[in-house]
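What follows is a short report on a single structure.
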Amino acid sequence: MKKTNSFEELVDIKQWQEIQEHFAEVIGAAIRTIDPFGNPLTAISRPVGLCAEIINASAAGMAKCVECFSPSLVNLVTNEMWKDGRQCHLGLYNFAIPVSLPENQLIAYIMVGPVVLGERQKPEKYREKAAELGIDFDKFADAFIEIKDFSFSAIQSVLELLRDVVSYIVEVDYHRFKLGKTIPLPSLSKMVYKFYTDKLLNALLDVSCGVLGGELGSIMLLNEETGELFIKISRGIKKDIIKNTRLKIGEGIAGLAAQEGKILLVNDKIADERIKGRFQRPEIQSAVVAPIRTEGKLLGVMNIGTRYAPNKFDLKNVEVLRQLVKLTAVSFQDIPAA
């Protein structure tokens with residue numbers, strides 16, 4: 001039987017720890033990586049004070065944690081914990097993203113959480129929990145406030161993209177590991193990078209359209225030789241627009257976003273005359289335009305739009321998109337460019 005490649009064989013753990021730290025900072029939640037048997041592969045990134053300090057100091061709290069989140073991780077895949085999450089005794093949710101090789105060989109889990117889903121409970125509920133565990137309520141409440149809250153749709157979008165990012169990195173390393181002996185490394189690096197970059201950018205566009213509710217979208221990449229942005233990937237856009245669109249940095253709204261390095265919001269309420277003067281697509285009622293950068297270098301620009309609602313997108317959408325783009329950009333770091 002062919003030996004299963006372990007996570008440690010394929011991935012530089014020190015480098016992975018750094019990438020994991022970026023992920024945790026972007027999404028605002030604790031992340032750790034474990035093997036299929038529950039053994040830690042990394043230290044916890046962005047540890048939660050409530051768990052690491054407050055609950056850890058309570059015998060009753062630790063007993064509850066072991067009871068509801070066993071390190072044996074039995075049936076994590078079958079009960080789809082990574083999608084639905086597992087609720088702990090405090091009402092918090094943890095998620096487990098399975099990491100598999102192309103042959104569906106499970107090699108790790110990325111654990112995300114705890115997080116709050118939906119609205120927080122009333123203070124009386126937390127007071128009851130603190131008393132039950134023999135914990136000072138004020139310390140408990142202060143630590144609880146620090147835990148990030150998500151809507152169910154928002155956490156699902158983040159998890160979906162995080163899964164794609166993790167798969168991207170592991171698959172790149174897997175193919176380099178498997179094929180490196182037969183294909184010269186420089187050629188392999190370019191081939192693998194191009195294939196998985198396209199795959200990951202498609203995932204970013206799909207998730208972004210889904211979470212923002214846009215039916216139009218594109219990712220424009222920068223051609224470094226010509227200095228122009230061209231449409232590489234799109235959803236709901238006519239072929240002639242895809243073929244003929246070329247923008248210099250600073251041209252159009254996408255070029256302006258690329259030049260300024262910030263997300264631009266387009267709707268009926270926009271007061272920025274520079275944006276209004278560049279809006280050449282009257283069929284688009286509202287849009288969000290986000291530059292994609294990695295290690296200070298411009299990779300391209302993502303555009304999400306709608307035909308139906310002049311004020312579909314707002315500042316909340318801008319923040320969600322910012323997190324998704326940052327999360328994706330992290331995966332391009334330290335990967336050989338084509």
Side-chain angles (χ1 to χ4, degrees), residues 161 164 168 190 193-294 296-314 317-318 320-322 324-329 331-332 337-338:
L161 188 56
D164 288 326
Y168 166 87
K190 292 179 181 179
Y193 180 86
K194 184 179 185 305
F195 175 77
Y196 285 107
T197 296
D198 290 353
K199 183 177 179 181
L200 188 57
L201 290 176
N202 269 288
L204 172 62
L205 184 57
D206 285 340
V207 171
S208 299
C209 283
V211 70
L212 269 64
E215 71 278 0
L216 303 171
S218 69
I219 289 182
M220 307 179 75
L221 296 184
L222 177 65
N223 183 323
E224 293 186 353
E225 292 183 3
T226 65
E228 293 178 323
L229 293 164
F230 66 96
I231 297 176
K232 175 67 175 178
I233 301 165
S234 66
R235 304 287 183 269
I237 297 176
K238 294 179 180 179
K239 289 183 178 179
D240 61 321
I241 294 176
I242 297 170
K243 181 180 178 181
N244 297 320
T245 299
R246 297 288 186 277
L247 294 174
K248 293 283 187 183
I249 302 300
E251 289 183 347
I253 298 176
L256 181 62
Q259 184 179 61
E260 298 193 348
K262 65 181 183 180
I263 300 177
L264 301 179
L265 182 63
V266 181
N267 60 28
D268 260 3
K269 299 177 181 178
I270 198 71
D272 193 328
E273 292 300 327
R274 297 174 308 155
I275 295 177
K276 286 183 177 180
R278 296 163 189 257
F279 200 43
Q280 304 296 322
R281 301 272 302 280
E283 75 276 15
I284 298 178
Q285 295 290 307
S286 184
V288 186
V289 183
I292 305 171
R293 304 183 70 87
T294 177
K297 182 179 179 182
L298 179 69
L299 181 66
V301 177
M302 179 165 61
N303 308 279
I304 307 295
T306 180
R307 297 186 182 94
Y308 305 115
N311 296 305
K312 171 85 173 182
F313 305 121
D314 54 26
N317 298 131
V318 168
V320 170
L321 198 60
R322 190 190 319 281
L324 294 178
V325 170
K326 283 176 67 179
L327 185 59
T328 306
S331 67
F332 293 115

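Model, not experiment: these values are computed from the prediction.
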Nearest-0.5 Å distance that lies between atom CG in N202 and atom CD1 in I219: 7.5 Å
Steps toward side chain to side chain contact (heavy atoms under 4.5 Å, CB included) verdict (K232, N223): CA-CA 11 Å; K232 175 67 175 178; N223 183 323; over 6 Å; no
For the student: nearest non-hydrogen atoms of V318 and I263, plus distance: O-CD1, 3.6 Å
F230 to L222 - nearest heavy-atom pair and separation: CE2-C, 4.4 Å
Distance-minimising heavy-atom pair for V289 and A257: CG1-CB, 3.8 Å
Under 3.5 Å donor-acceptor, E215 side chain and R307 backbone: yes
N/O donor-acceptor pair under 3.5 Å between D206 side chain and A203 backbone: no
Heavy-atom pair of closest approach, residues I253 and L264: O-CD1, 3.7 Å
Non-hydrogen atoms of A258 and I249 that approach each other most closely: CB-CD1, 3.9 Å
Under 3.5 Å donor-acceptor, S218 side chain and I233 backbone: no
Distance, nearest 0.5 Å, that separates CG of L321 from CE of M302: 4.0 Å
Which atom of I231 lies closest to which atom of M220, heavy atoms considered: CG1-CG, 4.0 Å
Note, L205 side chain near I304 side chain (heavy atom, < 4.5 Å): yes
Exam field: side chain K262 to backbone P291, donor-acceptor pair closer than 3.5 Å: no
Spacing of CG belonging to L212 relative to CG belonging to N317, to within rounding of 0.5 Å: 4.5 Å
Separation between CG of N244 and NZ of K239, rounded to the nearest 0.5 Å: 13.5 Å
Rounded distance [0.5 Å steps], CG in L216 versus CG in N303: 10.0 Å
Pair L201-L221, side chain to side chain contact (heavy atoms under 4.5 Å, CB included): steps then yes or no: CA-CA 10 Å; L201 290 176; L221 296 184; 3.8 Å; yes
